[in-house]
Asks: 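Sharing a structure, written as structure tokens. Questions coming.
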There are 2 protein chains.
Amino acid sequence: MTKVSKEKIVLEARELFREKGYVGASMQDLADKVGLRKASLYMRFPNKEALVPEVLSLTLDETFSQPDIEASDWYTAYEAVVRAIADSLMDRKRCVGFHLAYGVGDDTPIAKEAVRDFFQSHRDRMTAILEKAMPRDIASITATDALVRLEGATLLLAVFDDPEAMERAVDAVLAAVRQ
Amino acid sequence: MTKVSKEKIVLEARELFREKGYVGASMQDLADKVGLRKASLYMRFPNKEALVPEVLSLTLDETFSQPDIEASDWYTAYEAVVRAIADSLMDRKRCVGFHLAYGVGDDTPIAKEAVRDFFQSHRDRMTAILEKAMPRDIASITATDALVRLEGATLLLAVFDDPEAMERAVDAVLAAVRQ
DNA sequence: CCTACCGATCGGTAGG
DNA sequence: CCTACCGATCGGTAGG
């Protein structure tokens with residue numbers, strides 16, 4: 001009976017938030033998943049809301065720890081990010097960030113701010129890569145629209161289990177920066 | 001004290017589902033909104049799940065009752081649909097269908113099927129318009145990708161209250177069928 | 001269309 | 001890290 005790590009809890013919390021959203025995910029479900037009693041979760045996290053920043057910063061780190069992102073060639077780096085995002089979305093059929101974006105309200109300001117940070121970080125880091133090849137304002141718009149298409153394609157994954165829209169989104173987003 | 005119409009209840013239920021999702025919206029909130037006791041809602045609807053098909057079919061009807069959709073010119077009709085969808089999303093910052101797509105699970109099969117119908121109807125009706133100008137398979141893909149972009153842009157509306165991504169999505173989606 | 005209620009579950013805490 | 005509990009709220013029903 002080895003101690004349950006904080007990371008394990010965050011990973012399972014992410015699965016719950018992704019699948020059921022913020023309100024639909026319960027601390028009892030999470031406790032069952034990690035094999036603890038519910039009360040014991042409160043030793044590591046002050047409350048449910050505090051799980052949200054942890055879940056999102058873990059996810060951000062995963063996405064941007066792709067090896068090719070350090071490539072000197074901007075296109076190689078950009079393609080790596082886009083494919084990392086798309087692969088993770090296709091794997092899980094939903095975006096935990098998007099589910100939380102729709103699901104957290106003004107009653108959970110810390111969670112709300114974490115969601116903003118999550119997507120703003122995506123935009124900033126993608127913009128930084130594209131800035132090597134185009135002016136800052138164009139890079140920023142291009143990054144934002146890429147995110148919009150990738151996230152939008154999760155609708156088809158969630159509703160119809162159809163990955164084709166995501167594949168087309170990846171192709172279109174990459175083609176947009178190649179011309 | 002005139003009777004509360006079924007439509008009024010459905011309209012308020014839509015607002016709740018859009019804002020809080022399926023699990024986050026409570027029958028008590030809905031009762032308060034329409035000025036009834038909670039038990040009285042069950043005279044018109046057998047349960048909470050039954051509200052979902054009503055909410056979505058009302059929304060579908062609103063979108064496709066735009067006058068210009070009957071235009072003989074396919075482009076005029078398509079533009080009317082795209083703008084009707086975008087205007088409604090920009091107005092409310094979220095898509096009730098998307099929130100329900102992420103939020104309903106296998107425990108609510110009727111709601112889940114209603115969500116599928118909702119988006120499949122969008123695809124079918126947009127495809128029907130585009131078929132006047134291109135082969136069926138291209139029309140279907142074009143319609144799906146248009147939906148993906150418009151729905152994806154709700155992320156920026158929900159998180160940053162930024163309408164610019166939606167405006168660019170509308171322009172891009174219309175430009176895609178003009179060339 | 002109401003009052004009054006049901007069992008189940010929610011997030012969170014006391015106390016060890 | 002646990003047992004045991006808190007008040008609040010959930011969807012839904014009985015009975016009038």
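Numbers restart at 1 for each chain; the letters A, B, ... are given by sequence-line order, proteins then strands.
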Asks: Could you tell me whether A:Arg37 sits above the aromatic face of A:Tyr42, with NZ or CZ closer than 6.0 angstrom to the six-membered ring centre and within 45 degrees of the axis?
Replies: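 No, A:Arg37 does not sit over the ring of A:Tyr42.
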
Asks: Paired with C:dG15 by Watson-Crick or G-U wobble geometry, both distances under 3.5 Å: which nucleotide is it?
Replies: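 Pairing partner, where one exists within any strand: D:dC2.
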
Asks: List, with names and distances, any nitrogen or oxygen atoms from the protein found under 3.5 Å away from nitrogen or oxygen atoms belonging to nucleotides 14-16 of chain C.
Replies:
none

Asks: If C:dC10 has a Watson-Crick or G-U wobble mate with both distances under 3.5 Å, name it; if not, just say none.
Replies: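 Pair assignment: C:dC10 / D:dG7.
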
Asks: With side chains defined as the heavy atoms from C-beta onward, is the minimum distance between A:Lys6 and A:Glu54 less than 4.5 Å?
Replies: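 They are in contact (side-chain heavy atoms under 4.5 Å apart), so the answer is yes.
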
Asks: Can any side-chain N or O of A:Ser5 pair as donor or acceptor with the backbone N or O of A:Lys8 at less than 3.5 Å?
Replies: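 Looks like yes, one N/O pair under 3.5 Å.
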
Asks: What is the distance from CG of A:Leu51 to P of C:dG11, rounded to the nearest Å?
Replies: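 That distance rounds to 10 Å.
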
Asks: Please check if atom CD in A:Gln28 has more than 12 non-hydrogen atoms from other residues, nucleotides or ligands closer than 6.0 Å.
Replies: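 Count over threshold, so yes.
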
Asks: Is the shortest distance from a Lys or Arg side-chain nitrogen in A:Glu15 or A:Arg94 to a carboxylate oxygen in the other one below 4.0 Å?
Replies: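 Looking at A:Arg94 together with A:Glu15, the answer is no, because their closest N to O distance does not fall below 4.0 Å.
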
Asks: Are A:Arg83 and A:Tyr78 in a cation-pi setup, meaning NZ or CZ lies under 6.0 angstrom from the ring centre and within 45 degrees of the ring axis?
Replies: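 So A:Arg83 doesn't make the cation-pi contact.
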
Asks: Can you run down the side chain to side chain donor-acceptor pair (under 3.5 Å) pairs that involve residues 150-165 of chain B, sequence neighbours left out, and say none if there aren't any?
Replies: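 Sorted result for residues 150-165 of chain B: A:Tyr102-B:Thr154, B:Lys93-B:Asp161.
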
Asks: Closest-nucleotide mapping onto DNA chain C: is A:Val23 or B:Arg44 further toward the 5' terminus? I mean the 5' end.
Replies: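 Nearest nucleotide further toward 5': that of B:Arg44.
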
Asks: Taking CG from B:Leu41 and P from D:dC10, how many angstroms apart are they, rounded to a whole number?
Replies: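 Taking CG of B:Leu41 and P of D:dC10, I get 13 Å after rounding.
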
Asks: From C-beta outward on B:Tyr42, which listed nucleotide comes closest to its side chain: D:dG12, D:dC10, C:dC10?
Replies: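 Comparing D:dG12, D:dC10, C:dC10 against the side chain of B:Tyr42, the answer is D:dG12.
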
Asks: Where along residues 27-38 of chain A does a heavy atom come under 4.0 Å from DNA chain C, residue by residue in number order?
Replies: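 Nucleic-acid contacts, sorted: A:Met27, A:Gln28, A:Lys38.
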
Asks: Checking B:Lys132 against B:Tyr75: charged group under 6.0 Å from the ring centre and within 45 degrees of the axis?
Replies: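 So B:Lys132 doesn't make the cation-pi contact.
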
Asks: So what does B:Ser26 hit on the nucleic acid, given a heavy-atom distance under 4.0 Å: a base, only sugar-phosphate, or nothing?
Replies: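 Result for B:Ser26 = sugar-phosphate.
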
